[in-house]
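Bear in mind that the values here come from a model prediction, so they are computed numbers and not experimental data. Below, all heavy atoms of this structure are taken into account, side chains as well, without hydrogens, waters or symmetry copies.
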Amino acid sequence: MKLYIISNRLPVKVSEKNGTFSFTRSEGGLATGLDSLQTAYEKHWIGWPGICVDNDSDKQAIGEKLEELNFHPVFLSDTQIKNYYEGYSNSTIWPLCHYFFAYTLYKDTFWQAYREVNRRFCETICRLIGPEDKVWVQDYQLMLLPGMLREAVPDLCIGYFHHIPFPSYEFFRILPERAEILKGLLGADFIAFHTHDYMRHFISAVERVLRMNFKLDEIQLGNRVVRIDALPMGINYDLYHNASTQPEVRQAVDRTRKLFGDHKLILSVDRLDYSKGILHRLRGFAAFLEHHPEYHGKVALAMIIVPSRDHVGSYAQLKTKIDEEIGSINGAYSTMDWTPVYYFYHGFSFEELTAMYHMADIALVTPLRDGMNLVAKEYVAAKSENPGVLILSEMAGAAVELTDALLINPNDTGQIERAICQALEMPVEEQLRRLQNMQKIISTQTVDKWAADFTDEWNDICRKNISFRKKQITANAIGTIKQEYNRAKKRLILLDYDGTLAALKPRPEDAEPTPELIETLQKLCEDSDNHIVINSGRDHFTLEKWLGNLPVSIAAEHGAFYRENGLWHKNINKPVWSAGLLSILKLFVAKTPRSRLEVKETAIAWHYRESDAWLGTLRAQQLANELVSICIQQKLQIIQGDKVIEIKSPDYNKGSEVSRQLKKEYYDFILAIGDDTTDEDMFKALPKNAATIKVGYVSETARYNLPSQEQVLPLLQTLVNISGESSTNDKVRKGLNSALHFFKELLNLK
């Protein structure tokens, strides 16, 4: 068994000099964390090797060397890197996810390249994976990949982690390809983000763009569930915390002391990017110097900026502005023996960087938007015994955990100025207390724990999906049901209506039966051994209007009414709805556009299928909370169904109707099909050997699962055909063809 980790870049840098290739391992946080992941699976990486080569012999040479490390390269051309990586990934997705809409570029060539490269990754993975292997996709460059893999290998266990912010729906909806990207991500079994905010934004986008419904943190798609969670990524805590004991780091500390002297040191470490808030930080520091001359000659800002994409126009402009701002500050305040801002436009070695962390009195980490920001965690970890203060942007994912930092709004230069003053004046005891509190958190929530937590939850949902797939009706299960049906002398067939016999409609009154459904039910009724019961939550007037001409039994309003031999019977008296209850329901109709109230004879229902997904869900939760006390007082039951909240008496339900039927007669074959939570009562009331089938979401109670409502009618037509009836009628032939197609699908799913 193998675990394939898929990322845009392999954790190795391949370079070429004089026709010879060299290979250098990456020591990034992701590579470190996944290398230490304890798993029974053999770990492999798939990604771009960081070099574009056209020669097949060069590709073979690179591939053979990487294969020795369990690395599998996906070779990309210069054009693909330009359009897929620099284009769609970093000029479209990156600025949008970081709320820099003005920097977002849309080009069809970018999108086409993005799809093409994701497809190439998919093809490479499909060539390598075996039956029990797993695939873990990393980050925004490969958001289409999970969906492509799901289409190619339906039962594959797929995980996805999003390492950057996921924007709010209002920003994400701007993206022309929004639906395709969301469908791509939903190909995974488990999707995780750094914070609950990003998780919430993703769920909101799916519900509003795709009109799909989550149940808390899960959504069912066919025969599988996709789970969403927030798992903040950590660092190798011990590596940074113990760094100051290393001789190389101690030497670097001595060099740092000589460079900065006795000045209080403020440290800023960033990659060159407009999302990092570097200009805001410099302006905040400039305001501090302007308003606090008493600190002149005593405080210095060391600004480390790692070059990144500086050949891209917006990044080159940013660097120019940073250079100008630093020049302006130093020009205004420098003296012969003091420079306010030390500017380093290059990367630092681990030893040099940890020495800076160890020495710095203040870390100024103020991105305008950041998925996590590990610099903040590295600074806190590197403080072994010496004090220090972390000033952290509340817009960074790390702010969720590091609440003992001085949290600021990075857009407010005044807050930056005041935070610097507060940090400089903070007593040492308070500095140490805050650091220790944060160290307790990050020493536990390490990168190793992040990787382990992800795989544990991923394994759990994959096991759940394997169990669900076993419930899905297969050709063998259908064969067994057919045999039992044929042998039986007395059959009870219980069928829900909405979502089972008929598709759910935004307006419930539009879900009237099709001629094909009427004919199928008529055929089932023609067999004298069959007793057909329509067990529905609908009002009995509508069911009589739609199905009254059929020789079927009908249970309406969850069993409050039932029809036998053409006559209707009532189980309970008509309730009197209190003014308080009705006023609450009418209030929520008024507060929720496109919601509506349905007053039945024995129940009252608030429908919100046509409402905005987020607002409807919010109002449903609010309404349920509002109704609890009044329904307890009046001995009423609250049922939360599919986009509906219903209030009724607890004295009857779909299960009570089943019990009534079973008391009347013995049946040697029972089939029950339903799609809603209310149908669980029906399933529970039946004997274990009954053929119970849940449509849509998998049921813990039902024996089988049918993924979609469209498959119900072909299944029933199969039973009609088994009964020995035959006809040359065109509609019947259509039913046979539909059933044949249904069985083909089942055989493919098996």
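Between the side chain of Asp510 and the main chain of Lys505, no donor-acceptor pair closer than 3.5 Å is present. Remark: side-chain polar atoms of Asn571 are paired, donor with acceptor, to backbone N or O of Gly559 under 3.5 angstrom. With hydrogens and angles ignored, the 3.5 Å screen pairs a side-chain donor or acceptor of Asp668 with a backbone N or O of Lys490. Of the possible donor and acceptor atoms, none in the side chain of Ser536 sits under 3.5 Å from a partner among the backbone N and O of Ala556. At least one donor-acceptor pair under 3.5 Å links the side chain of Arg150 to the backbone N or O of Leu156.
Here the rule is side chain to side chain donor-acceptor pair (under 3.5 Å) with Glu646, and of Gln640, Lys600, Gln637 only Lys600 fits it. Here the rule is side chain to side chain donor-acceptor pair (under 3.5 Å) with Gln661, and of Glu657, Glu665, Lys663 only Glu657 fits it.
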One pair to check against side-chain contact (heavy atoms from CB on, under 4.5 Å): Tyr562 and Asn535. What are the steps and the verdict? CA-CA 9 Å; Tyr562 65 93; Asn535 198 4; over 6 Å; no
Walk me through whether Leu494 and Leu686 qualify under side-chain contact (heavy atoms from CB on, under 4.5 Å). CA-CA 10 Å; Leu494 298 148; Leu686 289 168; 3.9 Å; yes
Pair Phe669-Ile481, side-chain contact (heavy atoms from CB on, under 4.5 Å): steps then yes or no: CA-CA 9 Å; Phe669 174 84; Ile481 292 173; 4.0 Å; yes
Give the intermediate values and the outcome of side-chain contact (heavy atoms from CB on, under 4.5 Å) for residues Asp679 and Val695. CA-CA 10 Å; Asp679 295 303; Val695 179; over 6 Å; no
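A centroid separation of less than 6.0 Å is found between the aromatic rings of His194 and Phe161. You'll find the ring centres of Phe454 and Phe190 inside the 6.0 Å limit.
Relative orientation of the Phe193 and Phe166 rings is perpendicular, given thresholds of 30° and 60° on the angle between their planes.
In this structure, the side chains of His162 and Ile191 stay at 4.5 Å or more apart for every pair of heavy atoms.
Between Arg173 and Glu170 there is a salt bridge, since at least one side-chain N of the basic residue sits less than 4.0 Å from a carboxylate O of the acidic one. A salt bridge is absent between Glu610 and Lys643; no separation between the charged side-chain nitrogens and carboxylate oxygens falls under 4.0 Å.
Judged by distance alone, the side chains of Glu598 and His607 do bring a donor and an acceptor atom under 3.5 Å apart. No side-chain N or O of Gln472 forms a donor-acceptor pair with one of Arg469 less than 3.5 Å apart.
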